[in-house]
Enquirer: 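The structure is given below, and queries will be raised subsequently.
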2 protein chains.
Amino acid sequence: MLPSLSSHISPSISPATAMETSTGIDKRPEPIDLSQHYSKTTKNRAASNIKQFYKYFTIPGIGNLAGGMPYVNNFPFDTLEADAALPQRFTPTPNRPVDPPTAPTSATKLSDPISSSRVVVPKLSDNDDILRKIDLKTALQYGTAQGYLPLYTFIRQFTIENLHPNIPYKGGPEIILTCGSTDGFSKTLEALTNTWNEDRDEIGYKEGLLVEEFCYINAIQAARPRGLNIVPVALDDEGMKAHGKGGLFDVLKNWDKSRGKRPHLIYTVTVGHNPTGGTLSIQRRKDIYAVCVMFDVIIVEDDPYWYLQYPSANPSNPNRTLSQKHQTQTGLSDQATCTPQKSSGYPFLDSLVPSYLSVDYQGRVVRLDTFSKTVAPGCRLGWITTQPNLCERILRITETSTQQPSGFVQSMIAEMIIGPHDSTHGRGGGENAGGWQVDGWVRWLEGLRGNYERQMQTMCSILEDGKELVKSGTVRSLDDEWSVVDKVPLYDFVWPLGGMFVWVHMNFETHPLWKKTTPDKLAMALWEYLTTRKYLVLVMPGKILAPTDEIRAAKGWAFFRLCFVAVDEPEVAKSTRRFVAGVQDFWRKKRLDDIEEISSQAIEAGEGMADLMGGC
Amino acid sequence: MLPSLSSHISPSISPATAMETSTGIDKRPEPIDLSQHYSKTTKNRAASNIKQFYKYFTIPGIGNLAGGMPYVNNFPFDTLEADAALPQRFTPTPNRPVDPPTAPTSATKLSDPISSSRVVVPKLSDNDDILRKIDLKTALQYGTAQGYLPLYTFIRQFTIENLHPNIPYKGGPEIILTCGSTDGFSKTLEALTNTWNEDRDEIGYKEGLLVEEFCYINAIQAARPRGLNIVPVALDDEGMKAHGKGGLFDVLKNWDKSRGKRPHLIYTVTVGHNPTGGTLSIQRRKDIYAVCVMFDVIIVEDDPYWYLQYPSANPSNPNRTLSQKHQTQTGLSDQATCTPQKSSGYPFLDSLVPSYLSVDYQGRVVRLDTFSKTVAPGCRLGWITTQPNLCERILRITETSTQQPSGFVQSMIAEMIIGPHDSTHGRGGGENAGGWQVDGWVRWLEGLRGNYERQMQTMCSILEDGKELVKSGTVRSLDDEWSVVDKVPLYDFVWPLGGMFVWVHMNFETHPLWKKTTPDKLAMALWEYLTTRKYLVLVMPGKILAPTDEIRAAKGWAFFRLCFVAVDEPEVAKSTRRFVAGVQDFWRKKRLDDIEEISSQAIEAGEGMADLMGGC
């Protein structure tokens with residue numbers, strides 16, 4: 001390791017300057033001071049004073065014997081290249097929520113399956129502008145903690161101008177690139193929470209993390225070892241509840257201080273919630289935000305599925321039915337009545353439920369974005385958007401941990417999207433060897449959304465068709481005999497307005513053996529049963545996705561999460577049909593022995609669902 | 001974000017099995033239990049119970065609706081490719097320490113500058129062995145926390161069989177890939193230290209980190225905010241001292257508990273020490289290790305420069321002189337008398353001073369390796385080698401932070417080195433489209449070492465020639481008059497046996513103005529003077545590399561660190577000559593005004609060295 005002097009050579013970009021409004025005067029309120037929320041470790045982090053070296057590095061002709069950066073010609077890579085998609089590869093679906101789905105649901109639809117491009121990151125670019133220079137000399141060198149300059153610059157501008165053009169605080173946010181959102185959350189926790197040690201610390205120091213009552217468990221696994229209270233908040237079909245029993249206000253207002261400090265941090269997934277599939281409306285965002293202002297709580301919004309919003313899941317879709325109540329709650333319906341102050345410039349982006357950032361007039365939102373769902377999970381690349389002061393603290397954490405995401409992925413994505421810019425070297429991912437540019441990136445997102453939306457429709461249609469067990473029989477009275485059709489509801493679910501998951505609530509109460517065993521055993525048996533040779537389908541047990549033992553015991557068993565993106569569309573259809581068939585057949589089991597046999601085999605082998613449930 | 005179920009699909013590789021000795025019985029002692037050193041957060045980390053899902057994922061034909069992994073065809077990248085070097089690109093230098101340098105010192109020597117290869121990572125590989133399958137479907141998917149399986153498998157084997165074939169504890173070590181050594185150290189700190197908060201914690205809980213009295217400051221910047229005592233240990237030309245005043249034993253034996261707990265962790269760079277250039281002999285390693293056993297201290301060995309050991313820096317090199325004392329201390333001299341039990345299989349690797357791991361009979365060494373110096377810093381890729389229990393704890397930290405290094409860099413390096421293995425898809429970096437293989441990787445390292453060794457010789461030769469100011473004059477007595485030559489020693493330095501740096505001790509005591517100003521001001525003035533138009537050279541002030549204020553004040557000013565790898569060899573020569581010229585001219589300054597003018601200009605501008613020194 002060497003001091004990453006070069007990580008600070010870049011000219012810093014003033015947020016205030018870059019985000020001045022077009023009128024020249026920024027009349028938005030200043031973001032509030034969050035420093036009382038910083039962890040002790042974060043408060044201790046001195047700003048890197050090595051930045052003051054900058055001016056010396058930029059002396060023309062200076063011979064640099066100071067920094068410990070290996071010379072570019074010693075890198076074994078002379079280029080990085082790729083075959084990549086053109087942004088038009090997939091067919092989009094329509095944006096307007098009231099539109100019926102127009103795309104066929106039978107297959108991933110390729111706009112132009114053979115159209116691809118050649119991306120080349122050269123060893124040396126002749127571009128003098130380091131904000132746009134993409135080459136291996138810069139990308140594979142020690143770099144800037146905020147991210148590779150061309151990519152950082154592009155994402156920053158895209159974030160501020162296109163994704164969130166209506167952030168209500170002065171100067172707007174800053175961004176920093178991460179090694180994916182798990183890394184982003186880990187750094188946010190490090191910045192904003194103190195660890196608590198039961199062996200030595202008073203309970204009054206114990207901090208807490210507010211989460212939905214079913215949630216992304218990896219977030220819990222990051223927080224719990226730090227000694228944080230994990231505090232679930234009630235959910236409905238949209239997501240976290242602001243008011244009502246178990247809602248955010250209720251939890252904070254009635255906080256019992258004998259458990260520790262009142263929590264000051266929320267972790268939330270607001271679009272295509274994992275695992276429940278909910279999408280939070282604008283109104284709900286405002287309600288939650290108001291409670292956060294009241295109790296001085298910071299919102300960490302993890303939104304990997306933000307681009308994957310599905311208008312066709314709206315109740316007006318003729319393929320299915322949803323309660324009218326839900327229709328008025330959905331963000332997508334709200335969206336039509338909420339005119340943003342400023343357009344993103346793209347109908348697709350304007351059609352999406354906006355981030356918490358759009359209501360963040362105090363600067364208390366930390367948004368996590370990722371390339372995992374829009375390019376690939378293996379990128380390990382994402383970014384944090386938040387108020388500049390907090391972003392700078394996360395930058396300091398980055399300097400002494402990951403330093404920056406890998407230059408391999410940063411340069412490839414930069415070259416694909418941004419392209420070589422008036423250079424004779426390098427090739428971007430566009431048709432003319434330029435980059436995709438913002439237009440292409442938005443088009444790619446729209447096509448990807450189309451693919452996933454079609455897969456969602458495929459799964460939900462099959463689930464919809466199979467959610468009742470139809471039993472016909474005859475009923476006899478003394479005088480007569482007639483045939484009847486009995487419909488047993490097996491499960492219910494809401495078509496997801498975004499994301500990758502369908503959250504299926506199993507009506508175990510209707511199972512013939514409901515009273516003869518425990519709900520937990522019944523659920524375990526069904527889960528096992530689905531993996532047997534006849535059905536061969538693996539779903540995610542809800543229990544694994546419950547943040548606390550209480551929730552796991554109370555209702556974890558009642559849910560399965562089904563993901564519709566892990567395989568291609570024909571496979572989604574086949575697997576979903578097998579799921580439906582397995583559930584239907586399972587409801588025909590009437591002997592307790594059948595159920596117990598399924599479970600006990602697995603339990604004896606020590607590999608069953610019971611073990612999985614142990615201590616998530 | 002989604003639960004990285006897939007991160008656990010891989011079959012686990014049993015360390016014990018993989019490392020059994022060829023006789024079948026492993027008679028080495030068990031590594032000791034380090035769990036009392038684990039941080040509270042680390043103790044709190046439950047093992048991921050989701051691993052028990054494994055067997056279900058591997059049911060033939062199972063339809064996976066459980067995991068949230070996007071389908072490979074939705075990734076925009078269809079291939080990743082590169083032009084890469086063949087391993088023979090650079091000419092090696094000889095290994096034996098007594099050999100004089102045979103390579104010319106005037107230029108980087110290319111064995112075959114035009115020989116390069118084409119590396120291709122395909123979208124899909126047809127290899128069924130997931131330990132050897134390299135493709136985008138696997139590399140760009142959510143992955144295993146220990147690293148991308150083919151690369152992890154390769155590095156693990158290379159580490160155990162080739163790098164450290166003589167690790168003395170039972171079963172040997174485990175490895176985990178990191179996002180570079182800064183990330184590796186950050187995770188090690190997280191695993192092995194508790195944070196301490198002066199506002200609430202008793203002093204008795206304050207832990208400490210032992211470091212060399214000049215050290216890699218980024219490590220300090222990672223540790224200090226956690227509330228750790230930073231405890232310097234005296235250095236000599238080799239590195240950390242085991243005994244004597246200020247040595248490790250002295251510091252630990254006389255630890256003042258009113259400062260906190262006796263430190264239980266050392267951070268050390270043992271080859272080509274940054275900044276002092278020292279390389280630790282085997283004997284010194286044994287001495288330090290014995291002290292660590294005595295006081296139950298864990299050694300974190302950060303060895304980015306391990307492959308860059310320079311036999312020609314040995315005193316027997318006729319180009320220069322070093323004290324005989326030093327000759328007997330160097331690791332490279334020792335090496336000749338220490339026959340390892342087992343060869344690495346490569347004369348080059350056998351010629352290197354072995355790691356602390358080779359004396360680690362208790363399993364108390366954590367070694368950090370990186371690709372930053374052998375491929376490129378922008379890889380953000382490295383690995384940790386340590387006993388399996390501790391490695392598993394670091395794996396848990398990885399699962400909730402970085403998850404794994406980027407699949408872009410992991411797959412490209414895997415394909416280059418390992419190659420496609422009997423597949424019709426993909427191309428490795430070897431001549432026949434196979435991988436470099438271990439032979440090629442070692443050959444690459446040897447060539448790279450050659451390049452850097454030649455650059456080291458270039459810099460040191462020029463420094464050697466200029467280290468005295470030769471003044472001629474006449475001396476008169478009453479009777480006679482004769483000419484004299486007065487040699488003023490300007491600086492001294494040791495030719496580095498490894499690494500990237502020359503640590504130059506400036507003899508400010510010989511400067512005409514030594515008594516007329518403070519040493520600090522004199523050093524500042526020289527540093528500034530070197531950056532002026534006539535000399536245009538930037539070196540690293542020693543003060544920046546001191547871990548504490550005391551050391552900074554006592555002797556930080558007396559050193560400059562010069563790096564010989566950041567530019568190509570002709571530039572190294574030119575910059576070093578300008579450094580020498582600047583120093584020589586600076587020693588000709590006799591008026592205090594000259595010195596003060598240089599410093600004050602910078603100080604007034606608020607950008608001078610004084611600011612840099614503030615609070616590293």
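We name chains A, B, ... by the order of the sequence lines, and we start the count at 1 in each one. As the structure is a prediction and not an experimental result, all values here were calculated from the model.
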Enquirer: Just so I know, are the side chains of A/Y71 and B/V565 near enough to count as touching, which here means a heavy-atom distance under 4.5 Å?
Expert: no
Enquirer: Looking at A/S401, A/S186, A/A222, which makes the most heavy-atom pairs under 4.5 Å with chain B?
Expert: A/S401
Enquirer: Starting from the C-alpha separation in whole Å, work towards a yes-or-no answer on side-chain contact (heavy atoms from CB on, under 4.5 Å) for A/I59 and B/L536.
Expert: CA-CA 8 Å; A/I59 295 172; B/L536 270 180; 3.3 Å; yes
Enquirer: With a 3.5 Å distance limit and no angle check, can you tell me whether A/D183 reaches the backbone of B/T402 through a side-chain donor-acceptor pair?
Expert: no
Enquirer: With a 3.5 Å cut-off and no angle check, do the side chains of A/T195 and B/T195 form a donor-acceptor pair?
Expert: yes
Enquirer: Based on non-hydrogen pairs under 4.5 Å, which of B/G227, B/G378, B/G499, B/S411 is most in contact with chain A?
Expert: B/G378
Enquirer: Could you tell me whether the side chain of B/S406 and the main chain of A/C379 form a donor-acceptor pair under 3.5 Å?
Expert: yes
Enquirer: Of the non-hydrogen atoms in A/D78 and B/A85, which two are nearest, and what is the gap between them?
Expert: OD2-N, 4.4 Å
Enquirer: Is A/L448 in contact with chain B via its backbone, its side chain, both, or neither, using a 4.5 Å heavy-atom distance?
Expert: side chain
Enquirer: Do A/M412 and B/L80 have side chains that get closer than 4.5 Å, going by heavy atoms?
Expert: yes
Enquirer: Can you confirm whether A/P70 sits close enough to B/P377 that some side-chain heavy atom of one is under 4.5 Å from a side-chain heavy atom of the other?
Expert: yes
Enquirer: Report yes if some heavy atom in the side chain of A/R396 is under 4.5 Å from a heavy atom in the side chain of B/Q221; otherwise report no.
Expert: no
Enquirer: Can you tell me which of B/R578, B/Q410, B/K187, B/R200 forms the most heavy-atom pairs within a distance under 4.5 Å of chain A?
Expert: B/R200
Enquirer: Sort out for me which of B/R226, B/R45, B/E190 touches chain A most, counting heavy-atom pairs under 4.5 Å.
Expert: B/R45
Enquirer: Quick one: what part of A/T576 sits under 4.5 Å from any heavy atom of chain B, side chain, backbone, both or neither?
Expert: both
Enquirer: Decide yes or no for A/V375 and B/F77: does some side-chain heavy atom of the first lie under 4.5 Å from some side-chain heavy atom of the second?
Expert: yes
Enquirer: Taking the side chain as every heavy atom from C-beta outward, state whether B/S372 and A/Y142 have any pair of such atoms under 4.5 Å apart.
Expert: yes
Enquirer: Determine whether B/L538 and A/L65 make a side-chain contact, defined as any pair of heavy atoms from C-beta on separated by less than 4.5 Å.
Expert: no
Enquirer: Could you check A/D568 against B/N73 for side-chain contact (heavy atoms from CB on, under 4.5 Å), going step by step and ending with a plain yes or no?
Expert: CA-CA 8 Å; A/D568 62 9; B/N73 282 0; 5.8 Å; no
Enquirer: Please classify the contact of A/P405 with chain B as side chain, backbone, both or neither, using a heavy-atom distance under 4.5 Å.
Expert: backbone
Enquirer: Could you tell me if A/Q403 and B/R380 have a donor-acceptor pair between their side chains, going purely by distance under 3.5 Å?
Expert: yes
Enquirer: I'd like to know if the side chain of B/R89 reaches the main chain of A/P76, judged simply by a donor and an acceptor atom lying under 3.5 Å from each other, with no hydrogens or angles considered.
Expert: no
Enquirer: Shorter than 4.5 Å, heavy atoms on both sides: which option in B/N44, B/N194, B/T400 has the most such pairs with chain A?
Expert: B/T400
Enquirer: State the NZ-CG distance between A/K43 and B/N197, to the nearest 0.5 angstrom.
Expert: 8.0 Å
Enquirer: Quick one: salt bridge (charged side-chain N to carboxylate O under 4.0 Å, His left out) partners of B/R118, sequence neighbours excluded?
Expert: A/E81, B/E81, B/D83
Enquirer: With a 4.5 Å cut-off on heavy-atom pairs, point out which of B/I397, B/D201, B/T42 contacts chain A the most.
Expert: B/D201
Enquirer: Return the option, out of B/G63, B/S39, B/P60, B/G61, with the maximum number of heavy-atom pairs under 4.5 Å with chain A.
Expert: B/G63
Enquirer: Any side-chain heavy-atom pair from B/Y452 and A/N74 closer than 4.5 angstrom?
Expert: yes
Enquirer: Determine, stepwise, if the pair B/N64 / A/E571 fulfils side-chain contact (heavy atoms from CB on, under 4.5 Å).
Expert: CA-CA 9 Å; B/N64 179 8; A/E571 281 302 316; over 6 Å; no
